[in-house]
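Given the structure is predicted, the values throughout are model-derived calculations rather than measurements. Only heavy atoms go into these numbers, but all of them, side chains included; no hydrogens, no water, no symmetry mates. We number each residue from 1, following the sequence as shown.
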Amino acid sequence: MYTTPFLVAILISLINGIFSKSVELTFELPDSAMECFYQDIEQNTSASLEYQVITGGQYDVDVKIEGPNKQIIYQQQKMQYDSHQFTAQHTGVYKVCFSNEFSTFSHKLVYMELNVGPEEPLPGIGDHATVMTQLETSAEEIHSALNKIIDHQTHHRLREAQGRKRAEDLNERVNYWSMGETLAIVCVAFAQIMILKNFFSDRPTQYTKM
């Protein structure tokens, strides 16, 4: 009975998600390096930052949010993951920096999501003075459920990528350890063979002439 309205609501929700004020990306952070991202935010606009180190080293990174007046809004050191919400006190360009300068060898793979401002309402909803229809209510519920599903999928992909990387690192260490043990066993076996051969080898007997 509600098949067509539900499909329309899902389509509207997906289109709205494309034009939402959200930045979501995964980037590589080399060792001894810093990456900064810039976002223009209006005064009294709420914003939120969420990040997580997926791979590399001890899975930690330094994070800083800096306002247009050089004020430090948020700063953490050697964090694996965290989220922070703030309200812009001034209009201007805000800077989000991720630093791996404390690491000499480890490259990091970092995920970040920056949301600015309230979520835009679905097109056509709230344009009239009457209460929402059943279709509009269903569209709002589907939109909210889809956003939750997207969040769960994102976190699941991050955990899966992090777990896979750790498993690959563990497998690499096990392989190296196995190769070392094999080499040690071969060396010990060769040494034992040489020792036994030395025990059973014939040595000429020297006689002293009187």
Side-chain angles (χ1 to χ4, degrees), residues 11-127 139-140 143-162 165:
L11 180 60
I12 293 175
S13 179
L14 292 176
I15 294 175
N16 182 72
I18 296 175
F19 295 99
S20 61
K21 297 179 181 178
S22 176
V23 177
E24 182 179 1
L25 56 89
T26 302
F27 62 95
E28 183 178 358
L29 185 61
D31 53 279
S32 304
M34 176 185 292
E35 291 287 347
C36 293
F37 303 90
Y38 302 86
Q39 177 67 44
D40 192 6
I41 304 178
E42 299 290 336
Q43 186 179 9
N44 298 326
T45 301
S46 61
S48 64
L49 172 68
E50 183 178 0
Y51 62 90
Q52 179 176 344
V53 181
I54 303 175
T55 62
Q58 299 298 321
Y59 301 90
D60 53 359
V61 70
D62 294 343
V63 185
K64 180 176 66 174
I65 302 177
E66 186 177 304
N69 56 353
K70 306 300 181 181
Q71 179 185 3
I72 303 299
I73 300 175
Y74 170 84
Q75 186 173 14
Q76 294 291 337
Q77 294 181 344
K78 296 185 177 181
M79 294 291 293
Q80 294 184 352
Y81 59 89
D82 196 12
S83 61
H84 179 72
Q85 296 182 351
F86 64 96
T87 301
Q89 301 297 324
H90 305 278
T91 300
V93 178
Y94 286 74
K95 181 170 65 173
V96 180
C97 292
F98 297 86
S99 174
N100 193 30
E101 295 176 330
F102 59 87
S103 179
T104 308
F105 303 102
S106 299
H107 284 56
K108 307 291 175 63
L109 190 65
V110 183
Y111 163 84
M112 66 159 287
E113 181 180 2
L114 179 63
N115 296 310
V116 178
E119 184 179 2
E120 295 182 0
L122 293 176
I125 296 182
D127 295 341
E140 283 283 355
H143 178 67
S144 177
L146 286 175
N147 285 336
K148 292 180 180 180
I149 292 174
I150 292 173
D151 291 338
H152 284 300
Q153 288 179 336
T154 300
H155 289 291
H156 178 72
R157 286 195 300 268
L158 293 176
R159 288 194 296 267
E160 188 273 335
Q162 191 177 62
K165 180 60 178 177

Mind running side-chain hydrogen bond (donor to acceptor under 3.5 Å, both in side chains) on Glu24 and Tyr111 for me, showing each step along the way? CA-CA 8 Å; Glu24 182 179 1; Tyr111 163 84; 2.9 Å; yes
Exactly one of Gln76, His84, Gln80 clears side chain to side chain contact (heavy atoms under 4.5 Å, CB included) with Tyr51, and that residue is Gln76
Contacts of type ring-ring contact (aromatic ring centres under 6.0 Å, His included), residue Phe102, not counting sequence neighbours: none
Got a second to check how far Ile73's CD1 is from Gln75's CD, nearest 0.5 Å? 12.0 Å
Could you grab the distance from atom CG of Leu49 to atom CD of Gln39, nearest 0.5 Å is fine? 11.5 Å
To the nearest 0.5 Å, how far apart are CD in Glu113 and OG in Ser83? 10.5 Å
Pairs of donor and acceptor atoms involving the side chains of residues 52-70, under 3.5 Å and at least two apart or interchain, shall be tabulated with distances.
| unit_1 | atom_1 | unit_2 | atom_2 | d |
| --- | --- | --- | --- | --- |
| Asp60 | OD1 | Lys108 | NZ | 3.2 |
| Asp62 | OD1 | Lys78 | N | 2.7 |
| Asn69 | OD1 | Gln71 | N | 3.3 |

Using a cut-off of 6.0 Å, state whether more than 12 heavy atoms not belonging to Phe37 lie near its atom CZ. yes
Around atom CD of Gln77, are there more than 12 heavy atoms from other residues, nucleotides or ligands closer than 6.0 Å? no
Quick one: CZ on Phe86 to OH on Tyr74, what's the gap to the nearest 0.5 Å? 11.5 Å
Got a second to check how far Tyr94's OH is from Leu114's CG, nearest 0.5 Å? 12.0 Å
Once you round to the nearest 0.5 Å, how far does OG of Ser32 lie from NE2 of His107? 9.0 Å
Scan residues 29-118 for pairs that pass disulfide bond (SG atoms under 2.5 Å apart), counting only residues two or more places apart or in two chains. Cys36-Cys97
Can you give me the closest heavy-atom contact between Ser106 and Asn100, atom names plus distance? O-ND2, 2.8 Å
